[in-house]
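Beneath this line is the structure, given in structure tokens, with notes to follow.
In each ligand, atom 1 is the first atom listed, and ligand 1 is the first ligand listed. Side chains included, hydrogens not; waters and symmetry mates left out as well; all remaining heavy atoms used.
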Amino acid sequence: MTTSASTAEAFRVVPNASPASAEERATVLADLKFGVNFTDHMARISWTADDGWTDRRVEAYGPLPLDPAASVLHYAGEIFEGLKAYRWADGTIRTFRPEENAKRFQRSAHRMALPELPVEDFLAAIRAYVAVDGDWTPTAPDSSLYLRPFLIATDVFLGLRQPKKAEFLVIGSPSGPYFSGGVKPVSIWVEQDYHRAGPGGTGAAKCGGNYAASLLPQMEAYARGYDQVLYLDAKTDTVLEELGGMNVFVVLKDGTVVTPVLTGNLLEGVTRSSIIQLLSDDDLKVVERPITIDELRQGVASGDVAEVFACGTAAVVTPVGRMGAKDFEQQVGDGTPGAVTMKVRQTLTDIQYGHAEDTYGWMETLA
Ligand code: COI
């Protein structure tokens, strides 16, 4: 039967019969990587078109039995979110603006014709999961319990239709920084052969397919000696969109900060909108508008562009030190992390880790 929107208490807990020992957990927490290790449990809610969202539970982390005809395996009915749980010095576990992720999850679901999970259920699932596995939240600097809510279409049917069955899960990974080795500037390849999204497509949805399509360009960029790919719009091939897994910001010499306007082709990043707020409150002028690659190139060459940085939940704020394409290669500024970039990174992470007052009310206590 359908049950109404839930609280964490609505989740029954089916404990993992063989959880990691305290020693095994300590070994993982002592050598943190990004997204490699997972905790003992996962939160889960099932959905059917007839019964709605049912069977809220926290159960052992483990493989999902899936019928080979499950529609996610054929038609990629999948969306996900990424957010982090931070261990504060007072021992509490907090997360950052989870309602924003919950609302974006609904928008992604809508675009992918998947069922829209109530915001309360998204939040309650995270709380229920952290209530059980919060001990996996690391304490090392820049570490977190990276939370990965996701939804898959599990219809057993090869016809193409709106799914009638789906599973929502939250898994968590005790993680170190996304880019290992401290805050190092990354290089970006400006992509002229592939596009990430097109008008009317799924660019604003956080669906696995967008990320799958980014892997070939990413591998080609690696082969050319670049770390990340910057995509241009599919219609004119001139306007900056995003990096595939991160949004992008450009800091001008006069202190103005520009970032690509949301067109429906790029992800509405929670970190992106938080940074716009933080920079504006730091008395910088922030402008969301189309930025052309020619403008960026010329600005970098003339020095009018002082800094470029990328941002996202996983990567936080990452300076860009170099960019290139088939017909150019440029260093951004002096190639080292810029002052605006590093300041906004510090301000943001100070709020997230409880080192500064959260005047925005962005942090939610989970446990
Ligand atoms: C995140 O920043 O959390 C993402 O979901 C991006 C992913 C490529 C790690």
Side-chain angles (χ1 to χ4, degrees), residues 32-38 76 78-86 94-109 111-112 122 126 129 137-138 142-152 168-180 183 186 188-189 191 194 196-197 202-219 221-222 226-231 241-249 259 262 265-276 309-320 344-345 348-349 352-353 362:
L32 293 165
K33 314 211 169 35
F34 180 87
V36 173
N37 296 107
F38 297 91
E78 192 271 355
I79 58 168
F80 68 96
E81 274 300 325
L83 61 170
K84 288 175 170 173
Y86 308 89
R94 318 267 181 139
T95 193
F96 183 71
R97 308 187 74 184
E99 297 89 344
E100 297 305 312
N101 296 87
K103 288 190 244 164
R104 185 172 64 190
F105 200 62
Q106 291 190 324
R107 296 195 295 275
S108 298
R111 179 62 185 85
M112 303 305 288
F122 183 99
I126 287 169
Y129 165 73
T137 311
D142 296 329
S143 70
S144 62
L145 180 58
Y146 182 76
L147 305 174
R148 174 52 64 89
F150 64 102
L151 177 67
I152 54 172
F168 169 71
L169 294 105
V170 180
I171 57 173
S173 174
S175 291
Y178 188 71
F179 295 116
S180 54
V183 187
V186 295
I188 52 176
W189 175 257
E191 185 55 68
Y194 302 104
R196 175 183 171 276
T202 60
K206 204 161 172 67
C207 60
N210 288 343
Y211 294 77
S214 75
L215 291 178
L216 180 62
Q218 177 68 62
M219 282 159 52
Y222 283 150
Y226 290 82
D227 301 312
Q228 294 290 315
V229 174
L230 173 62
Y231 291 95
E241 290 200 327
E242 60 158 270
L243 265 66
M246 288 179 275
N247 293 115
V248 67
F249 282 77
T259 192
L262 299 175
N265 291 349
L266 53 149
L267 194 78
E268 299 165 8
V270 178
T271 310
R272 174 189 179 278
S273 70
S274 308
I275 284 174
I276 291 173
F309 66 85
C311 70
T313 297
V316 196
V317 172
T318 299
V320 172
V344 76
R345 181 187 162 93
L348 179 66
T349 53
Q352 291 172 331
Y353 285 92
W362 281 344

Parallel, tilted or perpendicular: rings of F309 and F249 (30°, 60°): parallel

Exercise: do N210 and T202 side chains pair donor with acceptor under 3.5 Å: yes

A314, any N or O under 3.5 Å of ligand 1 N or O: yes

Straight-line distance of Y231 OH to W189 CH2, nearest 0.5 Å: 12.5 Å

Any M246 heavy atom less than 4.0 Å to ligand 1: no

Atoms in ligand 1 with a heavy atom of F80 nearer than 4.0 Å: 5 (O)

Identity and separation of the nearest protein heavy atom to atom 7 (C) of ligand 1: R148 NH2, 4.1 Å

Atom 3 (O) of ligand 1 [closest protein heavy-atom partner, distance rounded to 0.1 Å]: Y146 OH, 2.5 Å

Proximal ligand 1 atoms for Y178, defined as those under 4.0 Å from one of its heavy atoms: 8 (C), 9 (C)

Reference residue Y86; test ring-ring contact (aromatic ring centres under 6.0 Å, His included); the match among Y353, W362, Y146, F96: Y353

Any K206 heavy atom less than 4.0 Å to ligand 1: yes

Within-4.5 Å side-chain heavy-atom neighbours: I188 and Q228: yes

Ligand 1 N/O within reach of Y211 N/O, cut-off under 3.5 Å: no

side-chain contact (heavy atoms from CB on, under 4.5 Å) between L83 and E100, worked out: CA-CA 10 Å; L83 61 170; E100 297 305 312; over 6 Å; no

